[in-house]
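Since the structure is predicted, the reported quantities are computational estimates derived from the model, not experimental observations. When a ligand or atom number is given, it counts from 1 through the structure's own listing order.
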Amino acid sequence: MSSSNLPTTAATESAAGTPEKTVIVDAQQVCKRFGGNLVLRGVNMTVHEGEVVCILGPSGSGKSTFLRCLNGLETIDAGRVDVDGQFIGYEQLPDGRLRELQAKPLAKQRMETGMVFQQFNLYPNMKVLDNITLAPIKARGVPAREAKADARRLLKLVGLQDKEDAYPKQLSGGQQQRVAIARALAMKPKVMLFDEPTSALDPELVGEVLNVIKELAANGMTMIVVTHEIGFARDVADRVIFMADGVIVEEGPPSQVIDHPTHERTRNFLARHL
Ligand SMILES: Nc1ncnc2c1ncn2[C@@H]1O[C@H](COP(=O)(O)OP(=O)(O)O)[C@@H](O)[C@H]1O
Ligand SMILES: [Mg+2]
């Protein structure tokens, strides 16, 4: 898309009369600083239902911070983030002012974004099935029977139907990451955010995790995937975004950004990662 600097909202799109898909993630002019370090410098990103966006970029460019802002793990210093129409981290008062959300409503908002990290962060002392059912039961109030049935369906989806009684340490890294994906999906998020989901894996285990993500894409899941796997991005992304130094340098379909990048920085990055 060439309109990354134009604020695009569900409202303006419907006003324009174009039959657009629902906007799931709408990040506008997002700025984030850590002390004197301005890490995100006005990032705009609109993701529609069913869209798969891959974010590429050098280490330190703000990719993880951006995902953490989308899922309310970080507060932002300027701009706004809406997920499924909810202003993340804030509520608007009747007089128009914004107030930071308390822990409980923030936690509720955060359920709409499923996050998968480089390190799988499974609960080591819980069996695979319990890792997956914990949050649906505790946070969503799903009855245990229903949560278990859904967890088994998800384990089948990620190819681990025979591992429900295993503990994380009995699984390979690739298997643990697939459990982490199932665990995120169990909350039925509106969007899945992946932060370099295969970077911590031995090379021979990368494919099994990428295949699960591809399967989700084929099933229409809305996803933002930060990755260094250029071939994967070319295969599954509807849109590729190249980020550097806290800004989006260029974005577009893979055939454009990966195969015909217009910016020097993108070309240099791809030359090192292809
Ligand atoms: N919690 C934090 N406190 C201070 N600085 C941070 C924190 N998280 C990230 N940073 C800094 O923000 C910049 C961007 O980091 P990050 O978002 O992790 O980039 P990327 O994921 O693209 O490698 C880096 O300079 C990093 O040191
Ligand atoms: Mg990162």
Requested in this report: Evaluate the 4.0 Å heavy atom contact test for atom 26 (C) of ligand 1: does a protein atom fall under the cut-off?
Outcome: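 False for atom 26 (C) of ligand 1.
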Requested in this report: Would you verify that at least one protein heavy atom lies under 4.0 Å from atom 10 (N) of ligand 1, or report that none does?
Outcome: yes
Query raised in the report: Would one find an N, O or S atom of Thr65, in either backbone or side chain, under 2.8 Å from the Mg ion (ligand 2)?
Result: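 So Thr65 does not bind the Mg ion (ligand 2) by this criterion.
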Query raised in the report: For ligand 1, which part of Val226 has a heavy atom less than 4.0 Å away: the side chain, the backbone, both, or neither?
Result: neither
**Report entry** Among Gly57, Gly35, Gly60, Pro58, closest by any non-hydrogen atom to atom 20 (P) of ligand 1
**Finding:**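 Going through Gly57, Gly35, Gly60, Pro58 one by one, Gly60 has the nearest heavy atom to atom 20 (P) of ligand 1.
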**Report entry** Residue selection (non-hydrogen contact nearest atom 19 (O) of ligand 1) among Cys69, Gly62, Gly246, Ala244
**Finding:** Gly62
If you round to the nearest 0.5 Å, how far is [atom2] of [Y] from [atom1] of [X]?
X      : Y      : atom1 : atom2 : result
Met192 : Ile24  : CE    : CD1   : 14.0 Å
Lys63  : Thr65  : NZ    : OG1   : 9.5 Å
Thr133 : Glu164 : OG1   : CD    : 10.0 Å

Query raised in the report: Would you say the side chains of Glu100 and Thr75 form a donor-acceptor pair under 3.5 Å?
Result: no
Query raised in the report: Phe120 and side-chain contact (heavy atoms from CB on, under 4.5 Å): which partner among Asn131, Val209, Leu201?
Result: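 Exactly one pass, corresponding to Leu201.
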Among all protein heavy atoms, pick the one closest to [atom] and tell me residue, atom and distance.
atom                    : answer
atom 6 (C) of ligand 1  : Phe34 CD1, 3.2 Å
atom 12 (O) of ligand 1 : Val39 CG2, 3.2 Å
atom 18 (O) of ligand 1 : Ser64 CB, 3.7 Å
atom 22 (O) of ligand 1 : Lys63 NZ, 2.7 Å

Which of the numbered atoms in ligand 1 are under 4.0 angstrom from any heavy atom belonging to [X]?
X     : result
Ser61 : 19 (O), 20 (P), 22 (O)
Ser59 : 23 (O)
Asn37 : 25 (O)

Query raised in the report: Cation-pi between Arg80 and Tyr90: NZ/CZ under 6.0 Å from ring centre and within 45° of the ring axis?
Result: no
Requested in this report: Assess whether salt bridge (Lys or Arg N to Asp or Glu O under 4.0 Å) is satisfied between Arg68 and Asp195, documenting all intermediate values.
Outcome: CA-CA 9 Å; Arg68 292 168 61 83; Asp195 192 1; over 6 Å; no
**Report entry** Greater than 12 external heavy atoms within 6.0 Å of Lys148's NZ
**Finding:** no
Query raised in the report: For Thr65, is at least one N or O under 3.5 Å away from an N or O on ligand 1?
Result: yes
Query raised in the report: Does the side chain of Met45 come within less than 4.5 Å of Ile55's, by heavy atoms?
Result: yes
